[in-house]
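As structure tokens, the structure follows; a few thoughts come after it.
Numbers here simply count residues along the sequence, with the first being 1. Atoms considered below: every heavy atom in the structure, side chains included; atoms not considered: hydrogens, waters and symmetry mates.
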Amino acid sequence: QVQLVESGGGLVQAGGSLRLSCAASGRTLSSYTMGWFRQAPGKEREFVATISWSGGSTYYADSVKGRFTISRDNSKNTVYLQMNSLGPEDAAVYYCALRWDPLLPSADNEYDYWGQGAQVTVSS
């Protein structure tokens, strides 16, 4: 079993920045893909970004490209999401997710484990 715990959410002014973290623990962790998704009130969960095990491959939703950066530190079993130039449209609960193979899918049903979510609120 795998546990994912997000942290770093909070309230930020429009134009500001936040960094989310997601720490993984549990069974032997190696060669897994990590992703970030978000869900705003009344909307479906949507893909944000994903990163390969090595960190050498990343993929972003068009809505965050150039503003958000996904990264990982495998020595800490942690993935990060640096979010810059935040706007009201970015306010949501952000979830990290883990997939047990090298693919970088954007569909949430392709991931095996999920965190509990971190709230990001953006004030205008």
Is a donor on one side and an acceptor on the other found under 3.5 Å between the side chain of [X] and the backbone of [Y]?
| X | Y | answer |
| --- | --- | --- |
| N77 | A23 | no |
| N74 | W53 | yes |
| R72 | S52 | yes |
| E110 | R99 | no |
| E6 | G117 | yes |
| T50 | M34 | yes |
| T121 | L11 | no |
| S63 | A61 | no |
| Y111 | W100 | no |

Legend entry - Qualifying residue, where the test is side chain to side chain contact (heavy atoms under 4.5 Å, CB included) with V120 and the options are D90, V93, L20: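 Going through the options one by one, the only one that passes is L20.
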
Would you tabulate the side-chain donor-acceptor contacts of residues 81-88 under 3.5 Å, counting partners in other chains and residues two or more places apart, or write 'none'?
| residue | atom | partner | partner atom | Å |
| --- | --- | --- | --- | --- |
| Q82 | NE2 | N84 | OD1 | 2.9 |
| N84 | OD1 | S17 | OG | 2.9 |

Inset, instruction - Show your reasoning for whether side-chain contact (heavy atoms from CB on, under 4.5 Å) applies to V48 and Y60. - result: CA-CA 6 Å; V48 175; Y60 295 91; 5.9 Å; no

Legend entry - Between F47 and F37, ring centroids under 6.0 Å: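 Yes - the distance between ring centres of F47 and F37 falls below the 6.0 Å cut-off.
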
Inset, instruction - Decide if the gap between the ring center of Y94 and the ring center of W36 is smaller than 6.0 angstrom. - result: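 They do not qualify: ring centres at least 6.0 Å apart.
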
Inset, instruction - Take Y80 and D73 through the side-chain contact (heavy atoms from CB on, under 4.5 Å) test and state the conclusion after the steps. - result: CA-CA 8 Å; Y80 305 97; D73 183 343; 4.1 Å; yes

Inset, instruction - Establish, for the pair R45 and Y95, whether the NZ or CZ atom is under 6.0 angstrom from the six-membered ring centre and no further than 45 degrees off its axis. - result: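 Output yes; distance and angle both within limits.
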
Legend entry - From CZ (R38) to CD (Q119), nearest 0.5 Å: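 These two atoms lie 12.5 Å from each other.
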
Legend entry - Approximate separation, where rounding is to 0.5 Å, of Y59 OH and T33 OG1: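 Answer rounded to 0.5 Å: 14.0 Å.
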
